[in-house]
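Scroll down for the structure; my scribbles are underneath it.
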There are 2 protein chains.
Amino acid sequence: MKNGRQRARIADVAKLAKVSPATVSRYINKSGFVARATGERVKKAIDKLDFVPDLAAGSLTSRRTRLVAVLTPRLAGSFFNTFVEELVLALTDAGYTAITYFIEIDDKQMESSIQTALARRADAFVLTGPVPEGIKKRLGTEGVTVIESWNIPDEPIDIAIGMDNTALGAELAEFVHTRGYRRPLLIDAAGKRPGLRQLAFAERWKELAETEPTFLKVDRPRFIHARAQFRALRDMDPRPDVVLCGSDGLAQGIAIEAMHAGLAIPDQLAVIGFGDSEIAANMRPSLTTVSIKAEEIGRAVVEVLQKRLDQEEIAENKIDVGYSILARESA
Amino acid sequence: MKNGRQRARIADVAKLAKVSPATVSRYINKSGFVARATGERVKKAIDKLDFVPDLAAGSLTSRRTRLVAVLTPRLAGSFFNTFVEELVLALTDAGYTAITYFIEIDDKQMESSIQTALARRADAFVLTGPVPEGIKKRLGTEGVTVIESWNIPDEPIDIAIGMDNTALGAELAEFVHTRGYRRPLLIDAAGKRPGLRQLAFAERWKELAETEPTFLKVDRPRFIHARAQFRALRDMDPRPDVVLCGSDGLAQGIAIEAMHAGLAIPDQLAVIGFGDSEIAANMRPSLTTVSIKAEEIGRAVVEVLQKRLDQEEIAENKIDVGYSILARESA
DNA sequence: CTGAAAGCGCTTACAG
DNA sequence: CTGAAAGCGCTTACAG
């Protein structure tokens, strides 16, 4: 403390309001009945003392922290930014506190993040990536709520909220084929999640076109990599006529590079993004992309947490918020 | 708990290792001496039981939570994204846990975020925007570490880490004038922080060019607003020859719109961004912008927290990490 | 180098 | 509708 003033405790409030600490607790948490007049005295005392209850102390008894650990890959400029923002906002609105971790694609870092979140006794974990086996087992035995977001795995640890990357991959193949493109190139991170999409794309594509799509695996699908990747693309023989990018940022970068090299979009090269970030609709040309409903996932996460808190049964352990392919000018 | 298994407590570890809880605590926190052999027994017991100490319970006595509240404006796609990432990473590495809040430019939301962070007994607050008077007073009396980041105010509540927006504004005026531009337009949010820059720009500009710069105040300096703002710019008479944008995203958008309208950059319209995001260096044309050193701020924040924890005196309550104007192709 | 005891600030049955 | 008591899981002097 910089100054001598102590923080007020619940006992101080109780004394001032001439009630017991238990009553103050009940009033604050709206648990149990408090007579109207009593409540008013308590309220007055709280205001007078600027009392802010210590949530951690309370959690010790109640076994609920309302702390939610959010683990997202560190992907500045990707749709995960929007996702984290929406999620944190939804959590905050609902009275939860989000503790955020940004992780590289690195199991060790994920493990240590989860470790500290467990030490904080987080009520729930929101994960985004594919979860390594060891961590899966660990979380499974801890009795916490685990929400896997984005991709819906066959067997969720607990609850999965997201979309079906396999269905999307196939649908993208159809979309591209229907629009008459014949030499697709897919640029995406080498992870497991995009992998599902790519696999499904490849499979459906082979059925439709009887050829193989080309893949370019990258570290991360980011704007900064567009130059190098456009160069690689341009030198391919035959040259792709449509490129499906792992993010809108990358798609925008590819488009900029293509135009700079004198290629007309979409006639000489079509470009498809991922994420429907604010870039997509307002780019020139506007970007055809996939919308992934970050807000809806955020809302669904909060709903699930709410139900868990209320001890309600959760009917479905897989919640599919869907996606949509948005056809714009670039493809 | 989903299954009957209970989490191990420090008492369980103590019993298994045949020591007292106090010794386990000392071993874990490296506070006080523990004989090597004893320590090894403790370690074995911890591993055996998968013991994760409850940090909240510990904080109750130790009065330190190692929780840091980070409040940033909600500005998807701006340099604040990078800032939050860098800061959270630095904090996590140093053993702190970050609780993040995204706030609109809205005092009420800021207040409620601070309220919940106080309820969590956060050791420190990292704020980004200008702080309303009421909140300033509130935090001042709480005895927590308060770090104001980005702008360095004349009288920090506690500690300020960032840069001198006033100096930057003046330097930008000089930069623009030296390069021969004569009709600058500044597009930025209507907040207090950009306001300082703009004021200083205007002042210096009047000295240099003996004319007034033009201002366009916007809700937020984002990519999506570029179309509308470019239209406004294009219709101005006389038309600006250089536009200074509040973010790289907006600058990129303006550049795209300008090129789409057939204007050559920088000859017919020069564009300057803010933030040196990954977009800037890789845009075509590459964007002249201001680098704001997010990583350094993150590091400095952690250093300050470390010193506070160790009860060290902090020599300077204003830490200037500087900035730099990066001249590229667009201006 | 180690332990017994007290206490951090709440919430939760239990009793009335 | 309200209170007294116990206890959540740690850490911190204090004593040895």
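Proteins come first, then strands; the chains are lettered A, B, ... in the order of their sequence lines, and each starts at number 1.
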With Asp47(A) via side-chain hydrogen bond (donor to acceptor under 3.5 Å, both in side chains) - residues at least two apart
Lys43(A)
Applying salt bridge (Lys or Arg N to Asp or Glu O under 4.0 Å), name anything that partners Arg41(B), two or more places apart in sequence or on another chain.
none
Can you run down the salt bridge (charged side-chain N to carboxylate O under 4.0 Å, His left out) pairs that involve residues 11-32 of chain B, sequence neighbours left out, and say none if there aren't any?
Arg9(B)-Asp12(B)
Residues at least two apart in sequence or cross-chain that pass ring-ring contact (aromatic ring centres under 6.0 Å, His included) with Tyr27(B), listed by chain then number, are none
Taking Watson-Crick and G-U wobble contacts under 3.5 angstrom, with | marking pairs to another strand and [ ] crossing pairs, the secondary structure of DNA chain D is written |||.||||||||.|||
For Asn29(B), give me all partners under side-chain hydrogen bond (donor to acceptor under 3.5 Å, both in side chains), at least two apart in sequence or on another chain.
Ser25(B)
Taking the side chain as everything from C-beta on, heavy atoms only, tell me whether Glu303(B) gets closer than 4.5 Å to Ile319(B).
no
Residues in side-chain hydrogen bond (donor to acceptor under 3.5 Å, both in side chains) contact with Ser31(A), at least two apart in sequence or another chain
none
With sequence neighbours excluded, give me every salt bridge (charged side-chain N to carboxylate O under 4.0 Å, His left out) pair touching residues 115-124 of chain B.
Asp54(A)-Arg121(B)
With sequence neighbours left out, the residues meeting salt bridge (Lys or Arg N to Asp or Glu O under 4.0 Å) with Arg299(A) are Glu295(A)
Answer with base, sugar-phosphate or nothing: what part of the nucleic acid does Phe51(B) contact at a heavy-atom distance below 4.0 Å?
sugar-phosphate
In residues 10-24 of chain B, which residues come under 4.0 Å of DNA chain D by heavy atom?
Ile10(B), Ala22(B)
The answer to which of Arg36(A) and Ser31(B) contacts DNA chain D further toward the 5' end, by nearest nucleotide, is Arg36(A)
Using the ring-ring contact (aromatic ring centres under 6.0 Å, His included) criterion, which residues pair with Phe83(A)? Sequence neighbours excluded.
Trp150(A)
Contact span of DNA chain D against chain B, any nucleotide atom under 4.0 Å from a heavy atom, 5' to 3', runs dG9(D) to dA13(D)
